[in-house]
Amino acid sequence: MDRAERRELVARNTAEVVTPEELDALLAGDSGDDSGDSDGGDGEPTVYIGYAPTGEMHIGHFTTIRKLADFLHAGLSVTVLIADLHAHLDDEKSPFELLDARSAYYRAAIEGMVEASGADPEEIEFVRGSEFELDPGYALDLLRLAADTTISRVQRAGSEVVRESENPKLGGLLYPLMQTLDVGALDADVAYGGIDQRGIYMLGRELAADRGEDPPICVFAPLLSGLSGGKMSASEAGSKVSLTDSPDAIAEKLRGAYCPAGEIEDNGVLEYLEYLVFPVLGERSETFGIERPEEYGGDVTYGSYDALEADFVAEELHPQDLKEATATHLAEVLAPIRQRFAGRPELLAEAYPEAHG
RNA sequence: CCGCCCUUAGCUCAGUCUGGCAGAGCAGUCGACUGUAGAUCGACUUGUCCCCCGUUCAAUUCGGGGAGGGCGGACCA
């Protein structure tokens, strides 16, 4: 794989790279970081993504995690942080007593998604936040950051991530500062995450500069639209496909999805295809087949998302046919993950006693 | 440590001041219309009225206690 291919693999299907020049330099091996405090000594650039183990994971997480396969294939070393303390710090989204169970569930879910994306989960290093975020050195750095950063600056940085409320907790302010420290603590060259993380990492880059450190390169994944139009909502079950939805449930949710003929904007169905289904099919060298009655043109097959989108925009492809085919392929992509959890029901039952106990 | 205020449908809130088993908007569900969905139109659903005790024929509404949340004051050697 040459440098251009590698760069393309790292940057494809992303919302933004900050900055592309820094990424190029990193992949070229002259990151300017000769101090030996990163890369773990093996010379491979390291990318990290952090997840706070809060609610159940869904297809939105899957699209973001699928890219970890790209990173691995591009020869990067990948670290996944299970940010258990963050899960509690953010308005106690996860009760303290459930952090162990939810961390275990998140790790299993992420491994399942990585495997379903065509990469080996064994190649990923998993780290739990509480393993290092309580170290004296880290704690001292956190206090010094807190002393040096204004409340409004941190609030602004975390506004897309930390739960907004009329009476915000102090924990929500610690959260972005800790995330900033995590990048360095994990020796990551690249911070990867959803575009909602942008505010926090941009603050992190500023603070790193203040402290005389190299700012992390940031790669952001797009956030998917909800199936009901607009943003995907965590609380609205019908607005997203869950990791463990049955094929019937998936079909039903897709049937109800907002999907105007010929329109791409806010079209969650197309986004599922672009960022998840097609990349996974491509990994397996498979194509996307659509069964369609003769009266509407008969069966068709697409080898690329772009070709499908072009037909959809031209209204050669009807939303209803698209939805049915998407449901079928999506169920197939999710099947191995669903099986994994069916074989280990305690993972969900212990992490979410109210919903699965 | 002291004082004041708040707690009603999934969400935002009204109401009970002058006690009689509770309402609006949004959301949601279901039809009609489009070969999907949405929009539009029509119909519909939803509640331990924070908990306990007391007064009363009857308490979400009154009284007492408690829990959770908010605000202010005091203390500052």
Side-chain angles (χ1 to χ4, degrees), chain A residues 54-56 58-60 63 88-98 151-152 155 159-160 162-174 223-242 245-278 288-302 305 307-334 352-357:
Chain A
T54 53
E56 284 185 53
H58 50 73
I59 194 167
T63 61
H88 188 61
L89 237 21
D90 184 3
D91 202 32
E92 300 178 281
K93 281 179 179 171
S94 288
F96 196 76
E97 311 72 53
L98 252 37
I151 291 173
S152 61
Q155 270 178 336
S159 63
E160 289 294 311
V162 176
R163 179 176 285 166
E164 304 266 357
S165 101
E166 197 181 339
N167 305 298
K169 304 289 203 298
L170 181 57
L173 295 177
L174 259 21
L223 296 188
L224 300 189
S225 297
L227 289 179
S228 50
K231 291 273 177 281
M232 186 148 81
S233 161
S235 54
E236 204 183 326
S239 80
K240 63 183 188 297
V241 168
S242 137
D245 277 345
S246 68
D248 283 349
I250 294 172
E252 191 176 327
K253 285 181 182 176
L254 265 102
R255 208 175 297 132
Y258 172 79
C259 186
E263 272 187 38
I264 292 176
E265 203 176 340
D266 286 334
N267 193 322
V269 181
L270 287 178
E271 292 174 17
Y272 281 19
L273 293 175
E274 179 174 12
Y275 297 112
L276 182 63
V277 176
F278 271 93
F288 187 84
I290 297 181
E291 289 182 17
R292 193 165 58 174
E294 284 303 325
E295 80 174 285
Y296 297 127
D299 297 354
V300 279
T301 298
Y302 294 98
Y305 169 76
L308 179 147
E309 184 187 284
D311 268 10
F312 186 78
V313 169
E315 298 193 25
E316 299 288 317
L317 179 58
H318 191 277
Q320 189 173 330
D321 300 321
L322 177 72
K323 285 179 172 181
E324 287 171 13
T326 300
T328 304
H329 286 89
L330 204 50
E332 214 172 288
V333 169
L334 291 172
Y352 305 97
E354 324 77 22
H356 297 278

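Lettering follows sequence order; numbering is per chain, from 1.
In this structure, B:rU34 forms no base pair with any nucleotide, since neither Watson-Crick nor G-U wobble geometry is met with both distances under 3.5 Å. The partner of B:rC44 is B:rG28, judged by Watson-Crick or G-U wobble contacts that both fall below 3.5 Å. Judged by Watson-Crick or G-U wobble contacts below 3.5 Å, the nucleotide B:rC71 has B:rG3 as its partner. Base pairing analysis places B:rG63 opposite B:rC53; the two distances defining the Watson-Crick or G-U wobble pair are each below 3.5 Å.
Here the P atom of nucleotide B:rU36 and the CG atom of A:D321 are 11 Å apart, to the nearest Å. Across the protein-nucleic acid pair, A:E164 atom CD and B:rU12 atom C1' stand 17 Å apart, rounded to whole Å. Separating the CZ atom of A:R255 from the C1' atom of B:rG35 is a distance of 14 Å, rounded to the nearest angstrom. The separation between A:H318 atom NE2 and B:rG38 atom P is 14 Å, rounded to whole Å. Distance CG (A:L227) to P (B:rA37): 14 Å, rounded to an integer number of Å. Taking atom NZ of residue A:K323 and atom P of nucleotide B:rG38, one finds them 8 Å apart after rounding to whole Å. The nearest whole Å value for the distance from the CD atom in A:E271 to the P atom in B:rA37 is 20 Å. Rounded to a whole Å, the CZ atom of A:R163 is 12 Å from the P atom of B:rC11.
Proximity note for A:P319 (side chain, C-beta onward) versus B:rG35, B:rU36, B:rG70: the nearest is B:rU36. For A:Q320, taking side-chain heavy atoms from C-beta onward, the closest of the listed nucleotides B:rU36, B:rG69, B:rG38 is B:rU36. Distances from the side chain of A:A261 to the nucleotides B:rU36, B:rG69, B:rG38 place B:rU36 closest.
The heavy-atom pair separating A:H88 from A:P95 by the smallest distance is ND1-C, 3.9 Å. Residue A:S159 comes nearest to A:E164 through the heavy atom pair O-OE2, 3.0 Å, listed as atom of the first residue, atom of the second, then distance.
Going from the C1' atom of B:rG25 to that of B:rA14 covers 11 Å, rounded to whole Å. B:rA24 and B:rU46 have their P atoms separated by 12 Å, given to the nearest Å. Here the separation of B:rU40 from B:rU7, taken at their P atoms, is 33 Å to the nearest Å. Nucleotides B:rG20 and B:rA39 place their P atoms 39 Å apart, quoted to the nearest Å. Remark: the separation of the P atoms in B:rA22 and B:rC5 is 28 Å, to the nearest Å. Comparing B:rG47 with B:rG28, their C1' atoms sit 15 Å apart, to the nearest whole Å. Comparing the P positions of B:rU29 and B:rG69 gives an interatomic distance of 34 Å, to the nearest angstrom. The same atom, P, is picked in B:rU60 and in B:rG19; the two are 14 Å apart, to the nearest Å.
Among A:L223, A:T63, A:L224, the single residue meeting the side chain to side chain contact (heavy atoms under 4.5 Å, CB included) criterion with A:E271 is A:L224.
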Task: Check against side-chain contact (heavy atoms from CB on, under 4.5 Å), A:L334 and A:D245 - done: CA-CA 8 Å; A:L334 291 172; A:D245 277 345; 5.6 Å; no

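Taking a cutoff of 4.0 Å between a charged side-chain nitrogen and a carboxylate oxygen, A:D91 and A:K169 qualify as a salt bridge.
Of the inter-residue distances, the one linking A:Y258 atom OH with A:N267 atom CG reads 8.0 Å to the nearest 0.5 angstrom.
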